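Shown next, in structure tokens, is the structure this report addresses.
This one's a predicted model, so the numbers in the text were calculated from it and none came from an experiment. Below, read A as the first sequence line, B as the second, and so on, with proteins coming before strands; counting in each chain starts at 1.
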Number of protein chains: 4
Amino acid sequence: MTQSRRSQTRRGPDPERYHEIVGAAAEIFRQKGYSATSIQDIADAVGILKGSLYHYVRSKEDFLYTIIKDATEAALREIQTVARMEAGAVHRLVAFVHAHVRFATGHLTAYSIRLREMRRLSPDRRGKIRADGEAYNKVMQDILVQGQEQGVFDAGMDVELMTTILLGQLNAVTRWYREGGPYTPEQLADVFAGTVLSAVVSDRGLGGEGIEELRRRVLTISAGKAAART
Amino acid sequence: MTQSRRSQTRRGPDPERYHEIVGAAAEIFRQKGYSATSIQDIADAVGILKGSLYHYVRSKEDFLYTIIKDATEAALREIQTVARMEAGAVHRLVAFVHAHVRFATGHLTAYSIRLREMRRLSPDRRGKIRADGEAYNKVMQDILVQGQEQGVFDAGMDVELMTTILLGQLNAVTRWYREGGPYTPEQLADVFAGTVLSAVVSDRGLGGEGIEELRRRVLTISAGKAAART
Amino acid sequence: MTQSRRSQTRRGPDPERYHEIVGAAAEIFRQKGYSATSIQDIADAVGILKGSLYHYVRSKEDFLYTIIKDATEAALREIQTVARMEAGAVHRLVAFVHAHVRFATGHLTAYSIRLREMRRLSPDRRGKIRADGEAYNKVMQDILVQGQEQGVFDAGMDVELMTTILLGQLNAVTRWYREGGPYTPEQLADVFAGTVLSAVVSDRGLGGEGIEELRRRVLTISAGKAAART
Amino acid sequence: MTQSRRSQTRRGPDPERYHEIVGAAAEIFRQKGYSATSIQDIADAVGILKGSLYHYVRSKEDFLYTIIKDATEAALREIQTVARMEAGAVHRLVAFVHAHVRFATGHLTAYSIRLREMRRLSPDRRGKIRADGEAYNKVMQDILVQGQEQGVFDAGMDVELMTTILLGQLNAVTRWYREGGPYTPEQLADVFAGTVLSAVVSDRGLGGEGIEELRRRVLTISAGKAAART
DNA sequence: AATGAATGAGTTTTCATTCAT
DNA sequence: AATGAATGAAAACTCATTCAT
């Protein structure tokens with residue numbers, strides 16, 4: 001695994017310390033960017049000499065890989081619950097948005113890095129992560145297709161393009177969301193659920209109600225979700 | 001303006017050469033990121049020794065500043081035509097989306113850098129650009145307010161938040177758009193116009209028609225725009 | 001070629017300086033060994049900052065490669081005159097020993113490095129040099145075969161093994177020869193010519209004279225060589 | 001002796017483990033060279049953490065010192081049997097060559113290191129070993145003198161120089177000999193005995209026979225040695 | 001005996017920048 | 001306008017060694 005230098009060198013002990021160090025690295029990567037962060041910066045944050053970091057990691061890139069890999073896997077794990085959800089497309093899309101916003105804001109540091117710094121990884125390592133990333137997108141794409149089949153989403157939309165656009169919209173939240181800011185993740189998710197649903201819904205999906213009613217309905221669904229989840 | 005800035009740095013001839021060099025720098029900044037790009041990389045791309053670059057620029061950051069400043073000013077200049085446009089909010093929002101997508105894709109390199117590398121600028125220089133950036137956002141915000149006043153946009157929406165979300169959505173296009181790809185900028189703008197309008201429209205804005213009809217209407221408007229422009 | 005960093009970076013100027021620096025590196029490599037020599041050591045010897053060395057070379061190994069490659073090629077060039085020599089095997093073997101000792105002592109630094117540090121080169125670069133090294137050995141081997149065919153060298157000897165042994169003997173001179181020491185290169189070559197000839201000569205090669213006479217004869221040949229050369 | 005040295009460093013048990021570790025170090029020193037070998041390399045080979053090596057040794061140099069010291073002492077011990085041998089110079093020189101080749105090939109790793117890495121030892125420690133090294137050389141030198149006195153070796157030869165040359169020749173075997181290669185140590189020793197004897201023999205030493213007969217005689221002597229030894 | 005964390009000094013290499021020519 | 005040499009600081013990484021457990 002990533003956290004062992006040579007298999008003889010580390011076998012188990014103090015994964016907490018390792019976690020702490022990776023966490024510190026992540027925080028700095030997010031603030032300054034990966035390329036602009038030096039090993040010295042990380043060492044300073046941990047209160048250790050820079051050479052000592054190589055106890056935990058074989059290269060600076062290892063930090064990045066660990067952070068991105070863990071974030072990607074965790075994100076996929078979260079979204080799988082939506083993928084497995086038995087419900088109509090509208091409900092599932094709302095759930096997707098909520099799960100996504102919750103994860104992105106709840107793991108803001110790691111997820112931001114995942115979005116911005118993937119290019120810094122070696123092609124090899126990027127490749128290992130790509131599959132998970134695609135599986136993630138696939139979840140949304142499947143929901144859009146389901147909605148088209150059910151007639152509740154616009155039959156004319158280009159599902160692949162729309163997936164890209166909507167995920168782009170959702171991911172952009174990492175650029176400005178800050179904990180303790182004016183909106184809670186749930187509030188943001190509610191708004192996003194509205195914009196996302198509005199973007200794909202069909203006339204039949206609106207079901208005679210107006211679009212404002214749709215937005216209100218989305219809130220009820222979210223509330224249900226939140227309730228269900230408590 | 002580039003011209004004026006440069007005249008401080010150098011009197012000598014060949015502004016074309018200067019343009020060429022800044023263009024080369026921009027291309028590499030976009031590909032590798034500012035921090036990961038070395039002066040040597042730029043020199044190699046131009047076929048010059050790295051020391052010679054300092055005839056055109058006083059520091060590496062100067063390249064970045066020129067690129068971002070020019071892109072920001074040009075973007076604002078483009079969007080001002082929309083700001084000054086006398087029309088209903090729906091028409092103007094469609095026009096905004098089109099202008100934005102056209103610019104972002106047409107100046108992909110510079111605009112991507114503007115979005116991703118602003119943090120690398122000194123606070124001083126970042127400050128000089130921020131005003132233009134905010135003016136840009138203000139244009140969309142004003143349109144949303146106008147739409148609310150006209151009753152065609154959802155009265156309940158948080159205009160500031162929605163501006164952030166929608167611009168985030170539009171800017172994300174720079175992450176995946178490539179010239180010669182499957183969609184033309186105009187096609188993309190049409191789709192974006194649909195998602196953006198759907199996100200903000202009110203029941204009265206829908207005007208009794210369904211949401212699918214709204215999306216179709218947006219296309220007509222775009223076509224008008226395109227026609228007007230030809 | 002080796003001495004240029006990027007083709008744009010160095011085109012010609014001051015090969016003298018480059019030579020001087022490589023020479024300094026060679027001297028230190030011989031004294032301390034390649035692995036134990038730091039770039040700092042070289043920089044100190046040249047009176048330059050260590051970073052500045054990378055103006056001339058892309059890596060520490062580049063120094064080693066240049067030194068070994070040049071030494072190997074020069075040695076081969078020298079020995080080719082013996083290879084092309086039209087004469088009996090005895091004369092040619094004496095000439096070989098003289099050329100070899102002259103080169104090894106005359107290029108003591110570079111040739112010592114060539115013998116001791118080849119392993120530090122990347123397999124790739126080692127491969128590029130190996131051919132020249134083998135061509136060198138081949139020259140002696142051919143002379144031994146010629147001598148066997150002429151009947152002047154022992155028909156029973158294993159030519160390949162004897163080549164290895166005799167070259168090993170000759171190369172060992174680099175371990176203890178020092179300029180200004182008690183023996184001149186020519187004196188050493190005379191002694192070596194005796195040991196080498198004695199090792200391979202056949203009874204017919206001795207031609208009825210004793211072995212001491214052979215050793216004396218070898219001196220005459222050398223003297224002729226030396227004379228011819230003056 | 002190893003045993004005694006070690007007892008200063010550690011009281012504890014398991015001298016076998018110590019031997020194993022020093023052996024592993026030696027093997028790596030020979031392959032990569034002392035300077036290029038890290039403590040980590042040795043630890044990896046033994047399957048231990050590098051810090052743990054300091055239970056056996058006080059410094060990296062200790063490994064080298066132990067290896068070289070043991071090899072030098074053992075070599076001297078072996079050659080002493082030849083030094084004490086009561087026989088003619090020719091017989092004793094043949095015996096020397098055999099003992100030397102047998103030792104060098106039989107302790108290839110340690111003896112190679114002894115030859116190549118002596119310079120890495122501190123002057124102090126090098127000094128402690130030098131005496132043994134010189135005693136070793138002295139054995140051959142004495143034989144050459146004995147041969148001159150007996151008239152069987154060339155009276156005109158420079159004994160000191162010849163000792164250096166012939167030992168250089170013999171030691172070079174460590175550069176290419178590999179166990180399981182095409183020649184057994186005994187076969188090599190036979191060939192070396194021929195070249196060494198030929199290099200020093202006088203006309204009277206040849207005793208009217210030709211030089212080829214000398215080489216054959218040398219084989220008989222070796223055979224006798226081998227027989228005597230079985 | 002061994003671990004695993006850490007040190008501190010060192011390694012090779014990179015890089016933005018300067019400057020005489 | 002450009003070169004090529006050099007600077008000086010910092011980068012990533014290595015390594016012998018120490019030490020509490």
## Note on the structure
The answer to which of C:Glu61 and D:Leu53 contacts DNA chain E further toward the 5' end, by nearest nucleotide, is D:Leu53
### Query
Is the shortest side-chain N/O distance from D:Arg17 to OP1 or OP2 of E:dA2 below 4.0 Å?
yes
#### Entry: Distance, rounded to the nearest Å, where B:His55 contributes NE2 and E:dT21 contributes P
15 Å
### Task
Whole angstrom is fine here: how far is it from NZ in B:Lys60 over to P in E:dT17?
8 Å
### Bracket string, DNA chain F, 5' to 3' - pairs by Watson-Crick or G-U geometry under 3.5 Å, | interstrand
.||||||||||||||||||||
## Note on the structure
The correct set of residues in residues 34-51 of chain C placing a heavy atom under 4.0 Å from DNA chain E is C:Thr37, C:Ser38, C:Ile39, C:Lys50, C:Gly51
### Task
Look at the side-chain N and O atoms of B:Tyr54 and state whether any lies under 4.0 Å from the OP1 or OP2 oxygen of E:dT17.
yes
### Query
When you check the phosphate oxygens OP1 and OP2 of E:dA1, does a side-chain N or O of D:Ser52 lie under 4.0 Å from one of them?
no
#### Entry: Atom-pair distance (CG on A:Leu64; C1' on F:dA12), nearest Å
15 Å
### Summary
Sorted by chain and residue number, the salt bridge (charged side-chain N to carboxylate O under 4.0 Å, His left out) partners of B:Arg17 (sequence neighbours excluded) come out as B:Glu20
#### Entry: By side-chain hydrogen bond (donor to acceptor under 3.5 Å, both in side chains) - contacts of A:Asp41 (at least two apart)
A:Lys32, A:Ser38
### Message
Do A:Thr37 and A:Phe63 have side chains that approach each other closer than 4.5 Å (heavy atoms only, starting at C-beta)?
### Response
no
### Value in whole Å for how far the C1' atom of E:dA6 lies from CD1 of A:Ile21
11 Å
### Task
Examine F:dA6: is either OP1 or OP2 under 4.0 Å from a nitrogen or oxygen in the side chain of C:Tyr56? Give yes or no.
yes
#### Entry: Partners meeting ring-ring contact (aromatic ring centres under 6.0 Å, His included) with D:Phe29 (sequence neighbours left out)
D:Tyr34
### Message
Expressed as a whole number of angstroms, how long is the span from B:Tyr18:OH to F:dA1:P?
### Response
13 Å
### Task
With sequence neighbours left out, write down each residue that passes side-chain hydrogen bond (donor to acceptor under 3.5 Å, both in side chains) with C:Glu27, or none if nothing qualifies.
C:Arg30, C:Gln31, C:Thr109
### Qualifying residues under side-chain hydrogen bond (donor to acceptor under 3.5 Å, both in side chains), relative to D:Ser59, sequence neighbours excluded
D:Asp62
### Message
Test of understanding: with salt bridge (charged side-chain N to carboxylate O under 4.0 Å, His left out), list the residues that count as partners of D:Arg116, not counting sequence neighbours.
### Response
none
### Task
Identify the heavy atoms of D:Glu61 and D:Leu121 that sit nearest to each other, and give their distance.
OE2-CD2, 3.8 Å
### Message
So, using side-chain hydrogen bond (donor to acceptor under 3.5 Å, both in side chains) as the criterion, who are the partners of D:Thr72 when residues are at least two apart?
### Response
D:Arg114
